[in-house]
Amino acid sequence: MNKVETSFLHKNQFGDDFLWGVSTAAFQIEGAPDSDGKGRSIWDVFTSQKGKIKSGHHALTACDFYNSYQSDIELIRDLNIPNFRFSISWPRIMPTGVLPVNEAGIVYYNKIIDSLLSAGIEPWITLYHWDLPHELEIKGGWTNRESVNWFSAYVEVCVQNFGDRVKNWMVINEPSVFTGAGYFLGIHAPGKKGITNYLKAMHHVTLATTAGAKIIRNHIPDAHIGTTFSCTHIEPATQSSKDVEAAKRVDTLLNRTFIEPILGLGYPQADLPVLKKLNAYIVEDDLNNLSFDFDFIGLQCYTREVVKSSLLIPYIGAELISAEKRNVISTDMGWEVYPPALYEVLKKFNAYKGIKKIIITENGAAFPDTLKNGKVYDIKRTHYIQDHLEQILKAKKDGLNVDGYFVWTLTDNFEWAEGYNARFGLIHVDFDTQQRTIKHSGLWFKDFLS
Ligand code: NOJ
């Protein structure tokens, strides 16, 4: 393979202990929704409903990782990537969400873990990356307080079966996104709407996060336990007090609401009054049970948001001004390309005393790739990654804490409501043939990590 040298970045600048990896999620890559006893998830149901996913796409095959995990793991090894983050599909190992366990599901994830370890790749498990068992959704899903117990029983099964070999665990992925999109806006599974559903889900997911973490700690004394949050740098559109206040509310919602209770700071109700409605669902000892001493916090940052005050938007009184309206460079997700956001986010989260370690557990970009003569020259993605790595270096030089960087994602995959239209992979996938082609960004990353 030719050397792909386009920047002055060098791995050594980040230090020997810096963690390099790539992140994925079960529903986005596995396919095989009914194989070997798997139950349906809320995403299996949502994607089967008309009009929910762009271009009518579904994830029945996705990247066929269920069958091709072995060759994809070889690709991870070929790219010199030492850490692989993947999620467990809850309904694959507990088809109805509760006991009994589907042994075939356990066998499958054991095969992945063992293949990774024999390829010299460290497994990083996300326990919940949005694919709730549908049977539990029938009972209210995350809006039902019982969800904390359902989740705890599932975590027990995972740690008992995988904890002997897996040391790196992330409990819940991006709670603000799946509760906001899935329980407030209804644009992600399970398609519920409204403030009541949202706030209930928010509180139960937060309780489940710490409950899950405690179970991991009890079973695996040397576990490295984290949980991952989506975060974004927020700026007011103008310096008017209205816009500044609006930006503060959006910042509270997107960056603080889910992490602060976990750090023992409670919900930030003073800065976002609608959160006071949560008090209706907080019982007994809840506030004491909301915090946990995580070994690391995973931050997932892709862009910044520019905010203006808007009386038309309920609860938050603020509106995001899209990248398109601002006429700035953006990705296929419509997200502005703004690498300094990563530095700003690192600065912001470093200010929390309760955070011991920060790992960037996702960062990456969707661009319209073309496969020509067996090659994908995705120079925009290469630059996106390099520019974000520069921001990490800047943060490190300024003494900020950041201990790892995981690219989103390994292969192009099923991007939720966007279907296959948004390609984020280091590796191109032809979804008709499942042919993999390492993109320029993948070759650059490989070279960088060598
Ligand atoms: C966040 C999510 O964790 C992941 O599932 C998603 O594909 C990426 N960001 C890109 O949107």
Side-chain angles (χ1 to χ4, degrees), residues 21-31 41-44 46-47 53-54 57 59 62-63 65 84-90 124-132 169-182 185 187-189 205 209 226-233 254-255 258-259 297-305 320 322-323 330-338 341-342 345 359-369 378 380-381 384-385 388 404-427 429 431 441:
V22 68
S23 292
T24 61
F27 190 78
Q28 294 179 269
I29 60 173
E30 284 179 359
S41 78
I42 53 174
W43 273 96
D44 290 314
F46 194 70
T47 48
I53 312 296
K54 265 194 196 161
H57 289 166
C63 310
F65 188 79
F84 179 55
R85 173 180 172 224
F86 61 100
S87 75
I88 307 279
S89 159
W90 182 349
W124 292 60
I125 285 182
T126 309
L127 285 162
Y128 186 77
H129 203 127
W130 306 358
D131 45 354
L132 188 76
W169 295 81
M170 286 144 290
V171 184
I172 300 247
N173 181 67
E174 292 198 351
S176 67
V177 176
F178 81 83
T179 56
L185 299 172
I187 54 172
H188 274 191
V205 165
T209 307
T227 194
T228 64
F229 295 99
S230 127
C231 55
T232 177
H233 175 53
L254 298 185
N255 291 322
F258 286 84
I259 195 168
I297 293 296
L299 296 182
Q300 319 199 141
C301 173
Y302 290 84
T303 189
R304 76 166 160 181
E305 297 293 353
L320 305 182
S322 67
S330 61
T331 67
D332 269 2
M333 298 295 283
W335 300 340
E336 181 185 5
V337 176
Y338 186 71
L342 188 56
V345 151
I359 298 174
I360 302 301
T361 38
E362 285 186 26
N363 174 251
F367 288 116
D369 301 318
D378 61 334
K380 284 188 187 167
R381 184 174 294 100
Y384 181 98
I385 294 171
H388 283 79
Y405 177 87
F406 286 56
V407 176
W408 183 268
T409 180
L410 182 67
T411 55
D412 295 334
N413 64 30
F414 179 78
E415 177 56 30
W416 309 113
E418 302 299 312
Y420 300 98
N421 296 304
R423 293 178 174 270
F424 274 92
L426 294 172
I427 299 173
V429 177
F431 290 102
S441 56

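These figures come from a predicted structure and were not determined experimentally. As the structure lists them, so they are numbered: ligands from 1, and atoms in each ligand from 1.
- Under the 3.5 Å distance criterion, with hydrogens and angles disregarded, no donor-acceptor pair is assigned to the side chains of Asp412 and Tyr420.
- Residues Thr228 and Asn173 have side chains that bring a donor and an acceptor to within less than 3.5 angstrom of each other.
- Under the 30°/60° scheme for interplanar angles, the aromatic rings of His188 and Trp43 are found to stand perpendicular.
- Side-chain atoms of Thr361 and Gln300 form a donor-acceptor pair, as typed in the model, at a separation below 3.5 Å.
- Judged by distance alone, with hydrogens and angles left aside, the side-chain atoms of Ser41 form a donor-acceptor pair with the main-chain N or O of Asp44 at under 3.5 Å.
- Using cut-offs of 30° and 60° on the angle between ring planes, the pair Trp124 and Phe406 is perpendicular.
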What are the atom names and distances for all N or O pairs under 3.5 Å between ligand 1 and the protein?
unit_1, atom_1, unit_2, atom_2, d
ligand 1, 3 (O), His129, NE2, 3.1
ligand 1, 3 (O), Asn173, ND2, 2.8
ligand 1, 3 (O), Glu362, OE1, 3.3
ligand 1, 3 (O), Glu362, OE2, 2.7
ligand 1, 5 (O), Gln28, OE1, 2.7
ligand 1, 5 (O), His129, NE2, 2.8
ligand 1, 5 (O), Trp416, NE1, 2.9
ligand 1, 7 (O), Gln28, NE2, 2.9
ligand 1, 7 (O), Trp408, NE1, 3.3
ligand 1, 7 (O), Glu415, OE1, 2.6
ligand 1, 9 (N), Tyr302, OH, 3.2
ligand 1, 9 (N), Glu362, OE1, 2.9
ligand 1, 11 (O), Glu415, OE2, 2.7

